Amino acid sequence: MVAGTGPEEIAAPASAAPDRRAPPAGALEVSRRPSPSVLDGSFAGNAWLQECPDPVAKQVWGNAAWLAPEDAEGIEDGDLVELTSGGASVTLPAIVVEGQALGCVTLMTGYGRTAAGPIGTGIGARVQDLGPFVTLRRAGGREDLARVQSDFSQHGRELLKLARDLPSEPPPPRPSFYPPRESEGYAWGMVIDTDACIGCNACMIACQSENNIPVVGPEEIRRGRNMHWIRVDRYDLDTGGSGFQPVPCMHCEQAPCEPVCPVEASVHDSEGLNVQVYNRCIGTRFCQANCPYKVRHFNFFDYADKQAFENQGADLLQALRNPDVSVRARGVMEKCTYCVQRISAARREAKTENRDIAEGEVVTACQAACPAEAITFGDLNDPGAAVTAAKADPRHYTLLDELGTRPRTTYLARVVPEEEG
């Protein structure tokens with residue numbers, strides 16, 4: 001320690017008191033929030049996060065003005081609006097959000113940067129210059145929003161089930177003309193607790209990192225060509241509020257994608273995994289059309305290399321890819337594999353030690369990243385496994401059970417809070 005060489009202590013200025021004034025007549029109060037994806041813009045240069053959807057609006061590659069339906073007054077999603085505050089004005093597309101506070105417009109910061117590299121520069125609009133209140137007017141014209149979900153109604157199908165009156169045990173499987181598929185040795189399965197899921201998208205980014213999933217850019221997203229192997233659907237609940245439902249590949253025991261493939265690129269392995277053989281795939285997309293869960297994705301371009309968005313094909317970023325996972329080429333279908341590379345690694349380790357794979361030894365990337373521990377994965381043939389116990393929970397249910405696909409990925413229903421009814 002050398003005396004007199006420490007940093008100078010500077011008193012921090014007092015924080016300004018929040019503006020408690022009532023909004024002027026005809027004005028909207030501004031609620032500025034850091035973007036859940038790029039924060040205050042610190043991560044604007046990360047293409048993974050630019051393509052990570054907002055948990056509520058499901059928008060990617062940009063920001064918008066969130067309006068309550070009562071404040072929209074005929075303004076629809078994508079209509080351009082001008083927000084004016086003093087001498088500053090910003091033009092943004094509007095998104096009408098159920099549950100948005102009346103008399104308030106929500107704006108996400110972190111966008112509109114001018115020197116954020118080839119990924120973050122020019123994405124969205126800067127909203128930091130606006131004051132606490134803004135006047136809103138139609139700017140004329142529309143912007144085609146890049147969103148991965150725009151309809152948040154279940155249309156009476158109860159895709160995200162609510163656990164109101166719990167039975168003592170889950171309902172038995174529906175009868176089927178198909179015989180049950182038996183798995184020799186291990187039978188991998190997954191249970192997702194929708195009551196625990198907070199919609200943070202950590203599972204999505206972890207899966208993208210683990211499995212070399214490419215970024216496709218805003219134009220491809222607008223065409224509906226996102227490549228994420230797991231998505232997080234949000235639904236408006238009839239009890240109020242929203243619920244989230246992560247949807248990876250279901251790994252159906254009676255998979256509709258398999259019989260329609262003319263080259264048997266979509267097949268089952270001995271442990272019950274619905275696998276995709278990339279070298280066989282000829283890109284007919286029949287499997288994608290026949291999948292009721294819409295979890296299969298097609299490489300319309302060489303997203304992983306030459307047609308990648310901006311500088312995602314740079315040598316440095318190619319070096320960051322997981323060497324244990326194949327990089328898919330143009331014309332090939334891809335989907336969730338239950339992190340088969342991690343299963344294979346655990347199998348090799350167990351074989352060298354002359355033992356079975358232990359409970360909890362295989363952890364998928366989405367499971368490892370989930371902060372709420374909403375995802376359980378394991379061997380369904382192990383009566384002591386956590387996934388087996390989860391499937392015996394009274395809240396257990398199957399997504400689109402009436403189709404008889406018998407998915408290995410199933411769910412636990414969301415518990416209805418007392419204040420919701």
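Any value given below was found using the heavy atoms of this structure, including those in side chains, with hydrogens, waters and symmetry copies removed. Worth saying up front: this structure is predicted, and the values here are computed from it rather than measured.
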Would Asp193 and Arg414 pass as an ion pair if we require N to O under 4.0 Å?
no
Taking the side chain as every heavy atom from C-beta outward, state whether Leu107 and Leu130 have any pair of such atoms under 4.5 Å apart.
yes
Quick one: pull up CG in Leu49 and CD in Gln208 and give me the separation to the nearest 0.5 Å.
8.5 Å
With side chain to side chain contact (heavy atoms under 4.5 Å, CB included) as the test, would you mind laying out the steps for Leu237 and Leu162 before giving the verdict?
CA-CA 9 Å; Leu237 303 179; Leu162 302 181; 4.2 Å; yes
Considering only NZ, NE, NH1 and NH2 on the basic side and carboxylate oxygens on the acidic side, decide whether Asp77 and Arg147 come within less than 4.0 Å.
yes
Assess whether atom NZ of Lys351 is packed by more than 12 heavy atoms of other residues, nucleotides or ligands within 6.0 Å.
no
Given side chains that start at C-beta, do those of Leu399 and Tyr411 come closer than 4.5 Å, heavy atoms only?
yes
Minimal heavy-atom distance between Cys249 and Val295, with the atoms involved, is CA-CG2, 3.7 Å
Between the CD1 atom in Ile95 and the CG atom in Asp79, the distance rounded to the nearest 0.5 Å is 11.5 Å
Which heavy atom in Trp48 sits nearest to a heavy atom in Asn46, and how many Å separate them?
N-OD1, 2.9 Å
Can you name the closest pair of heavy atoms from His251 and Lys335 and give their distance?
CE1-NZ, 3.6 Å
Is it the case that atom OH in Tyr397 sees more than 12 heavy atoms from other parts of the structure closer than 6.0 Å?
yes
Hey, are the side chains of Leu412 and Ile192 touching, using non-hydrogen atoms and a 4.5 Å cut-off?
no
Do Gln288 and Asn290 have side-chain heavy atoms sitting under 4.5 Å apart?
no
Short side-chain to backbone donor-acceptor contact, Thr106 and Trp66, under 3.5 Å
no
Correct closest heavy-atom pair for Ala346 and Ile357 would be O-CG1, 3.9 Å
With sequence neighbours left out, the residues meeting salt bridge (Lys or Arg N to Asp or Glu O under 4.0 Å) with Glu353 are Arg355
With a cut-off of 6.0 Å (strictly less than), are more than 12 heavy atoms of other residues, nucleotides or ligands near CD of Glu264?
no
Under 3.5 Å, is there a donor on one side chain and an acceptor on the other for Lys391 and Thr410?
yes
Heavy-atom donor-acceptor pair, Ser85 side chain to Phe133 backbone, under 3.5 Å:
yes
Between Gln50 and Tyr111, is there a side-chain heavy-atom distance shorter than 4.5 Å?
yes
State whether the side chain of Arg330 and the backbone N or O of Phe300 hold a donor-acceptor pair below 3.5 Å, judged by distance alone.
yes
Can a donor-acceptor pair be found between the side chains of Tyr186 and Ser270 at a distance below 3.5 Å?
no
Do the charged groups of Asp144 and Arg142 touch, with an N to O distance under 4.0 Å?
no
How close do Leu145 and Ala94 get, counting heavy atoms only, and between which atoms?
CD1-O, 4.0 Å
If we ignore hydrogens and angles and just use 3.5 Å, is the side chain of Glu253 paired with the main-chain N or O of Arg408 as donor and acceptor?
no
With sequence neighbours left out, which residue pairs that include part of residues 369-385 fulfil the side chain to side chain donor-acceptor pair (under 3.5 Å) condition?
none
Verdict with reasoning, Leu39 to Thr109, per side chain to side chain contact (heavy atoms under 4.5 Å, CB included)
CA-CA 7 Å; Leu39 202 61; Thr109 63; over 6 Å; no
Is the count of non-hydrogen atoms from other residues, nucleotides or ligands lying under 6.0 Å from Asp151 atom CG greater than 12?
yes
Would you indicate whether Glu98, at its atom CD, is surrounded by more than 12 heavy atoms from other residues, nucleotides or ligands within a distance under 6.0 Å?
no
Parallel, tilted or perpendicular: which describes the rings of Phe377 and Tyr338, with under 30° parallel and over 60° perpendicular?
perpendicular
Test side chain to side chain contact (heavy atoms under 4.5 Å, CB included) on Val81 and Thr91; report intermediate values, then the result.
CA-CA 6 Å; Val81 296; Thr91 300; over 6 Å; no
Measuring from atom CE of Met190 to atom CG of Leu380, what distance do you get when rounded to the nearest 0.5 angstrom?
11.0 Å
Tell me whether Arg234 forms a cation-pi arrangement with Phe244, defined as NZ or CZ under 6.0 Å from the six-membered ring centre and within 45 degrees of its axis.
no
Asn212 side-chain N/O to Asn322 backbone N/O, donor-acceptor pair under 3.5 Å:
yes
Going by an N to O cut-off under 4.0 Å, is there a salt bridge joining Glu334 and Arg296?
no
Please check if the side chain of Glu51 supplies one atom and the backbone of Gly217 the other of a donor-acceptor pair under 3.5 Å.
yes
Is the shortest side-chain heavy-atom distance between Leu67 and Val97 below 4.5 Å?
no
Drop me the distance from Asn274's CG to Cys287's SG, to the nearest 0.5 angstrom.
9.0 Å
Backbone of Ala57 reached by a side-chain donor or acceptor of Asp54 within 3.5 Å
yes
SG of Cys203 to CD1 of Ile230, rounded to nearest 0.5 Å, is 4.0 Å
Taking the side chain as every heavy atom from C-beta outward, state whether Pro248 and Thr409 have any pair of such atoms under 4.5 Å apart.
yes
If every non-hydrogen atom of Ala413 is compared with every non-hydrogen atom of Asp195, which pair is closest and at what distance?
O-CB, 4.0 Å
Taking Asn63 for the side chain and Ala125 for the main chain, is one N or O donor matched with an acceptor at less than 3.5 Å?
yes
Do Val232 and Gln245 have side chains that approach each other closer than 4.5 Å (heavy atoms only, starting at C-beta)?
no
N/O donor-acceptor pair under 3.5 Å between His297 side chain and Trp229 backbone
no
Between Arg225 and Glu220, is there a side-chain N and carboxylate O pair less than 4.0 Å apart?
yes
Applying salt bridge (Lys or Arg N to Asp or Glu O under 4.0 Å) to Asp233 and Arg231, what does each step give before you reach the verdict?
CA-CA 6 Å; Asp233 291 338; Arg231 68 177 189 267; 3.0 Å; yes
Got a donor-acceptor contact below 3.5 angstrom from the Arg328 side chain to the Ser326 backbone?
yes
Before you tell me yes or no, could you show the steps for Arg347 and Glu271 under salt bridge (Lys or Arg N to Asp or Glu O under 4.0 Å), namely the whole-Å CA-CA distance, both residues' side-chain angles and the distance that decides it to 0.1 Å?
CA-CA 12 Å; Arg347 186 187 298 110; Glu271 297 178 350; 2.8 Å; yes
Separation between CG (Leu160) and SG (Cys197), nearest 0.5 Å, reads 9.0 Å
Take Val332 and Phe298 through the test side chain to side chain contact (heavy atoms under 4.5 Å, CB included) and record every step on the way to the result.
CA-CA 6 Å; Val332 169; Phe298 184 67; 5.9 Å; no
From Glu210, Glu361, Glu349, residue fulfilling salt bridge (Lys or Arg N to Asp or Glu O under 4.0 Å) relative to Arg342
Glu210
